[in-house]
There are 2 protein chains.
Amino acid sequence: MTATSAQGVKRRGPYARGRQSRELILDTALEVIGREGYTSVSLRHIAAATDMTQAGLLHHFGTKEQLFLAVLEARDEANANDPALSARLDGAPRTVLFARHSVTVPGLVHLFVSLQAAAGDPNHPAHEFFLRRDADVRARVARDIRERQSAGYFDPDVDADDAARMIMAVSDGLQAEWAIDPTIDFVGVLSRLWEKLSGRPLPE
Amino acid sequence: MTATSAQGVKRRGPYARGRQSRELILDTALEVIGREGYTSVSLRHIAAATDMTQAGLLHHFGTKEQLFLAVLEARDEANANDPALSARLDGAPRTVLFARHSVTVPGLVHLFVSLQAAAGDPNHPAHEFFLRRDADVRARVARDIRERQSAGYFDPDVDADDAARMIMAVSDGLQAEWAIDPTIDFVGVLSRLWEKLSGRPLPE
DNA sequence: GTCTATATTCAGATAGAC
DNA sequence: GTCTATCTGAATATAGAC
């Protein structure tokens with residue numbers, strides 16, 4: 001049976017297969033990174049794990065770097081639509097939920113940290129991505145803080161933009177450290193910073 | 001005239017020249033990284049900038065990764081002995097002084113972030129280095145906080161180890177973000193976190 | 001301690017058949 | 001859309017002369 005869209009338009013031919021391959025490649029790439037580490041991964045390794053060839057991969061993503069970036073983008077998109085990661089004003093913030101989730105996906109933190117480091121080069125395709133992403137995330141965290149301030153769940157005297165910066169920086173830094181030493185309590189430290197800034201205990 | 005040690009033992013022959021070369025290589029490597037970015041730097045580029053050959057570089061450092069690591073180690077050592085970076089209990093903490101200094105050295109933050117990301121691979125030579133370094137830095141920051149708590153310059157109710165973790169994480173995260181977007185106020189955010197945790201304003 | 005020259009390895013990318 | 005086959009390039013590392 002072939003997949004059809006909600007409008008009943010047939011989705012086979014080129015597209016059905018292409019999308020399926022793309023997703024398989026992205027998932028496999030992440031898995032291989034988790035197994036071998038970011039730097040030692042080559043297109044050939046990923047190709048082998050997907051039962052495809054290196055040329056086949058590049059057909060979909062153009063370059064290796066764009067492939068890796070696509071993995072991160074796909075993750076962001078999936079997380080944005082994941083109801084398990086949506087936060088309530090009186091509960092743990094999204095950042096904490098997100099952290100709790102990240103550490104369960106092998107390779108994800110490694111990939112994030114490595115791409116973020118590589119993005120320091122203005123010519124790297126991830127450069128623009130991180131510039132935009134950081135601005136987006138920061139704005140969302142700041143907005144969340146303001147909503148909590150209005151609702152009485154966050155110290156109203158704290159500068160929301162400043163606090164958002166700190167939360168983000170701690171999250172980024174802890175990921176780099178956690179990738180080296182997974183015994184670090186990534187989620188715990190992040191939660192305690194949030195409590196310190198908000199002046200309120202977090203539930204759970 | 002040849003250099004002699006304090007004991008009058010002659011320091012020429014192999015050593016004088018070797019040390020000089022090592023230092024030149026380390027300085028130049030950092031400079032080239034600042035100019036070209038970490039990933040695009042090869043031994044040949046550094047060799048060209050030092051008026052040596054790639055084989056000459058490897059004679060001193062064995063591998064490229066060990067060379068890069070040596071740059072960081074040399075920096076740490078130089079900073080440890082730099083009186084301009086020694087903090088007073090009633091002044092800005094070492095972490096802030098260090099941050100203020102780091103952003104003035106082109107390439108240093110790039111190198112740090114890149115090596116830290118690569119250290120996520122347990123086989124990378126920087127892996128052990130960062131494990132040890134993080135423990136050392138954390139212990140030192142925690143000790144500094146305790147001293148300030150005793151002297152009345154830091155909220156005595158704050159857990160010093162926990163606060164040290166947060167300071168370090170913010171510093172690491174901000175460096176990664178600053179490498180991508182140097183308009184970020186690295187020093188400012190770090191200082192404000194310190195003020196928030198200590199419950200006291202920082203001078204200057 | 002430094003060089004020249006070379007070995008080795010391996011990567012990403014491309015052309016064209018199926 | 002995927003494969004086979006190949007190109008091209010670059011990098012690290014090594015051997016051995018000076």
Side-chain angles (χ1 to χ4, degrees), chain A residues 2-3 10-29 32-33 35-71 111 114-115 118 121 123-126, chain B residues 2-3 10-29 32-33 35-71 111 114-115 118 121 123-126:
Chain A
T2 25
K10 284 195 183 159
R11 272 236 243 97
R12 36 156 203 162
Y15 291 154
R17 239 190 114 118
R19 283 176 57 103
Q20 204 177 341
S21 285
R22 266 185 74 101
E23 281 170 25
L24 173 67
I25 293 168
L26 293 177
D27 290 347
T28 310
V32 177
I33 291 168
R35 183 159 22 97
E36 305 189 22
Y38 175 78
T39 30
S40 26
V41 166
S42 69
L43 287 176
R44 284 189 165 80
H45 292 163
I46 301 171
T50 49
D51 279 320
M52 288 181 65
T53 62
Q54 176 232 22
L57 265 54
L58 288 181
H59 169 72
H60 292 282
F61 297 98
T63 73
K64 177 198 187 186
E65 286 168 332
Q66 283 169 343
L67 192 164
F68 285 152
L69 187 52
V71 175
L111 173 65
S114 301
L115 271 184
D121 177 355
N123 297 322
H124 194 287
Chain B
T2 25
K10 283 194 180 158
R11 273 234 243 98
R12 43 160 196 155
Y15 291 154
R17 236 190 117 121
R19 282 177 58 104
Q20 203 178 342
S21 284
R22 268 185 72 102
E23 281 169 25
L24 173 67
I25 294 168
L26 292 177
D27 290 347
T28 311
V32 177
I33 291 169
R35 184 158 21 97
E36 303 188 21
Y38 174 79
T39 32
S40 25
V41 167
S42 69
L43 287 175
R44 283 193 163 76
H45 293 164
I46 300 170
T50 48
D51 278 322
M52 288 180 68
T53 63
Q54 173 234 22
L57 265 53
L58 288 182
H59 168 73
H60 293 280
F61 297 99
T63 71
K64 178 197 185 187
E65 287 169 332
Q66 283 169 343
L67 192 165
F68 285 153
L69 186 52
V71 176
L111 174 65
S114 301
L115 270 185
D121 177 355
N123 299 323
H124 195 284

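Reminder, nothing fancy here: chain letters follow the sequence lines and each chain counts from 1.
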Does the pair A:L115 and A:V71 meet the rule for a side-chain contact (heavy atoms from CB on, under 4.5 Å), with working shown?
-> CA-CA 11 Å; A:L115 271 184; A:V71 175; over 6 Å; no

Do B:Q54 and D:dA13 have a side chain to base donor-acceptor pair shorter than 3.5 Å?
-> yes

What integer distance in Å separates A:L58:CG from C:dA11:C1'?
-> 11 Å

Separation of C:dA11 atom P from A:L67 atom CG, nearest Å, is 15 Å

Which pair of non-hydrogen atoms, one from A:K64 and one from A:V41, has the smallest distance, and what is that distance?
-> NZ-O, 3.3 Å

May I have the distance from A:F68 (atom CZ) to C:dG12 (atom P), rounded to whole angstrom?
-> 8 Å

Compare side-chain N and O positions of B:H60 against OP1 and OP2 of C:dT2 and report whether any pair is under 4.0 Å apart.
-> yes

Would one find a side-chain N or O of B:T53 under 4.0 angstrom from OP1 or OP2 of C:dT2?
-> no

Can you tell me how far P of C:dG1 sits from CZ of B:F61, to the nearest Å?
-> 12 Å

Give a yes/no answer on whether the side chain of A:S42 brings an N or O atom under 4.0 Å of OP1 or OP2 in C:dA11.
-> yes

Identify, between B:T63 and A:S21, the residue whose nearest nucleotide on DNA chain D lies closer to the 5' end.
-> A:S21

Atom NE2 of A:H45 to atom C1' of C:dA11: distance rounded to whole Å?
-> 10 Å

Closest approach of A:T28 and A:I46, non-hydrogen atoms and distance?
-> CG2-O, 4.3 Å

Closest approach of B:H124 and B:A118, non-hydrogen atoms and distance?
-> CB-O, 3.6 Å

Tell me which of A:H59 and A:R44 sits closer to the 5' end of DNA chain D, going by the nucleotide each one is nearest to.
-> A:H59

